[in-house]
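In what follows, chains are A, B, ... by sequence order, proteins preceding strands, each numbered from 1. Hydrogens, waters and symmetry mates play no part in the numbers below; they use all other heavy atoms, side chains included.
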There are 2 protein chains.
Amino acid sequence: MDTENILSEHGLRNTEARHGVLDVFKKYDYALSHSDLEKELQKYFDRVTIYRTIHAFLDKGIIHKVIDDSESAKYALCADECSSDRHHDNHAHFKCTKCGNSECLNHVQVPNINLPSGYLVSESNLLIEGVCKSCN
Amino acid sequence: MDTENILSEHGLRNTEARHGVLDVFKKYDYALSHSDLEKELQKYFDRVTIYRTIHAFLDKGIIHKVIDDSESAKYALCADECSSDRHHDNHAHFKCTKCGNSECLNHVQVPNINLPSGYLVSESNLLIEGVCKSCN
DNA sequence: ATACTATTTGCAATTCTGTTGCAAGTGTTT
DNA sequence: AAACACTTGCAACAGAATTGCAAATAGTAT
């Protein structure tokens, strides 16, 4: 889907900043932090705008948070079926300890876990750390 | 094990600050952030001391990091067998979307995942989100 | 094409999180 | 009780993230 349609389908205006941020996400196949985005976009947009764009995208289900033990949060594009109502990102994430990049392992499903009674599960997140294909 | 023995067995001096921080961890059955600790202890110890105590405890295997999609890092007591050489915290964590607390599921092991060839795994982290026993 | 309105942006200021250097204080060992 | 290394508090700093507000812009209706 092209960038403008992604925005309008999620109820967001097609502004330069959002277009720019979304294009950066499309360009990389691993999760990006605010500072990654800032490095690419600081000439064009304000830091605060990038923060607000991230929030808007999270809110509308365009990106999701990638859990990671590093200090700063990282984000990646959702699969097409995500919306603000419902996320379908039930795959594992891999973080390379050498290059620091996090990628989505779209084909690795998070196995179903049986929890003690009384717990309701809504989402599972599996983060695997190690050395990635490129660094190995 | 009592607080003073935990400290000395992990090679740490038995100081007021460490005693105090460890007691707070014992008091709660969910993971605590620096700011949680600060709320309880700010009358007695400096912010920086709490940060340094967290680092010392992490280092010696008294607490482990609990990965969580919230902004700030959280920590919880390790099982007794952990040391600075070796952590044995291969359990899942549960984060309640209602109360926001994260707890250790000590009896739920993180499953072993087969990755595509080329990847080396060093550590796995499983975070399950939903509604906890108390909130349900 | 123009005008209107709600949304979005940039800037400045502020808050929160985490770290570092250093002098003073404390725990442990002898 | 003395000695030494470790620990603490303070002040300063660096980075991450949020907020209020005025100016700019997108989308819609005219």
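Put simply, B:His55 has a side-chain N or O that comes within less than 4.0 Å of OP1 or OP2 on C:dT19. A sub-4.0 Å separation between OP1 or OP2 of D:dT7 and a side-chain N or O of B:Thr53 is absent. In terms of phosphate contacts, A:Arg52 brings no side-chain nitrogen or oxygen within less than 4.0 Å of OP1 or OP2 of D:dT18. Between A:His34 and D:dG15, a side-chain N or O to OP1/OP2 separation shorter than 4.0 Å is absent. When the side-chain nitrogen and oxygen atoms of B:Thr15 are compared with OP1 and OP2 of D:dC6, none of them lie within a distance under 4.0 Å. Using a 4.0 Å cut-off, some side-chain N or O of B:Tyr51 falls inside it from OP1 or OP2 of C:dG18.
If you take NE2 of B:His19 and P of D:dT7, they are 16 Å apart, rounded to a whole angstrom. As a whole-Å value, the separation of B:Gln42 CD from D:dG9 P is 13 Å. As rounded to whole Å, 15 Å separates atom C1' of C:dT9 from atom CG of A:Asn14. Atom CG of B:Asp59 and atom P of C:dT19 are 13 Å apart (whole Å). As rounded to whole Å, 18 Å separates atom P of D:dT25 from atom OH of A:Tyr44. The distance from atom CG of A:Asp46 to atom P of D:dA22 is 17 Å, rounded to the nearest whole Å. In this structure, the CZ atom of B:Arg18 is 10 Å from the P atom of C:dT28, given to the nearest Å. As a whole-Å value, the separation of A:Glu16 CD from D:dT25 C1' is 10 Å.
Donor-acceptor pairing under 3.5 Å, judged by distance alone, is present between the side chain of B:Arg47 and the base of C:dG18.
Nearest nucleotide to the side chain of A:Arg13, out of D:dG27, D:dC10, C:dT17: D:dG27. When distances are taken from the side chain of B:Val48 to each of C:dT9, C:dT19, C:dT8, the shortest belongs to C:dT19.
Residues B:His93 and B:Asn125 come closest through the heavy atom pair ND1-OD1, 4.3 Å.
The ring of B:Phe94 has its center closer than 6.0 angstrom to the ring center of A:Tyr119. Residues A:Tyr51 and A:His34 place their aromatic rings such that the two centres sit under 6.0 Å apart.
Taken from CG in A:Leu77 to CD1 in A:Ile62, the straight-line distance is 8.5 Å, to the nearest 0.5 Å.
A:Ile63 and A:Leu127 end up in different hydrophobic clusters when Ile, Leu, Val, Met, Phe, Trp and Tyr side chains are linked at under 4.5 Å.
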